[in-house]
Amino acid sequence: MPISTTLKFENIEFLALEGKFMVKCSKCSERAVIRLRYARLNLCKKHFIEFIENRFIKLSMKNKLFEKVGKALVAVSGGKDSVTLLHLMSKAAEYFGFEIHGLTIDLGIGHDYSRKSIEASLKNFEMLKIPYTIFSLKKHYGFTIDDIASYGREAGIKKPVCSVCGTIKRYIMNKVALDVNADVIVTGHNLDDIVQYVLSSVYSGRIEDIVRLSLKTPTRGKLIGRAKPLAYFSEKETLTYVILKKLPFNYDVCPYYRPRSFHEKIKKISNELEETVPGSKITLIRSFLEKIQPALEAKYSFSTWKLRECKLCGMPTTGEICSFCKIRLAMENIVKR
Ligand SMILES: [Zn+2]
Ligand SMILES: [Zn+2]
């Protein structure tokens, strides 16, 4: 097992591993395997899985995430969060009565990172019998994320690889959602991702980024709406879910991921706060999503920005040429040489 996973395991209070004494499940007489302090529960394997699945349905209902949804496109990278998302979405699809379609993008990352991601995603799609699309960046556009990392600067792409990769993923998700007639795109951002994003955006005053962050955005013309149904689930919960259900997932960290020390500190501080005040992360994100974001949205109303169609590809954009086409053009010149 790689170091990254071993480290992540240390964050989990697997009661069974402590071995000092037996803690009983709060709902039955079995041995508890996890302590969820925010919910004041110790749960056995069966009751943990049941708790997560029920909570997903309840939160989706409360936040009206799948109202009027006929088909949802589920973006799956093959990591713990998106694999959990796919399995929970499959339950929600059954419960609410909508269809789902899986999407995995072959970004062409690293020696075997993308290969492992696709392998894990495929296994989960097949296990759940979910129709899916594997979209290859190389096959469609002739370049990979590795190419951007190697030649991007030379091609005039100034943004860091991760931010370019984010633009590419959003574009492809929207394109595939239009192709398969999906009403919503769901992604696996978890509570910890969102806490880090909110705190760092507030710190640096990036209002535009803050306003964009919401649990769900509506569809506007060809720009398909998004939903983040894992926003109230911590990474401890998604990791425990995939491990207890023995689901295949890629536990490697993307080779382009660079932990920024400031972000790491925010993570550490929010984890410390959670230790002393269980549930503080959920409270922070709930206040943000339900009160602060709507107030900012009303003031700045970025969502009413006029969208037009990209001159080159026809996809929605605020400028003349969309940011994906700019990347594609820059890379074409390099690849052609
Ligand atoms: Zn139990
Ligand atoms: Zn375009």
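Heavy-atom basis, side chains included; hydrogens, waters and symmetry copies ignored. Ligands are counted one by one from 1 in listed order, and the atoms in each one are counted from 1 as well.
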Check Asp193 against Gly188 and note the closest heavy-atom contact, atom names and distance. OD2-O, 4.3 Å
Vertex the Zn ion (ligand 1), ends Cys28/SG and Cys44/SG: angle to nearest 10° comes to 110°
Which value, rounded to 10°, describes the SG(Cys313)-the Zn ion (ligand 2)-SG(Cys325) angle? 110°
Does Asn124 reach the main-chain N or O of Gly78 with its side chain, forming a donor-acceptor pair under 3.5 Å? no
Looking only at N, O or S atoms, find the one in His47 nearest to the Zn ion (ligand 1) and name it. ND1
Would you call Glu290 and Lys62 a salt bridge, taking side-chain N to carboxylate O under 4.0 Å as the test? yes
Can you classify the ring geometry of Phe324 versus Tyr171 as parallel (below 30°), tilted (30 to 60°) or perpendicular (above 60°)? parallel
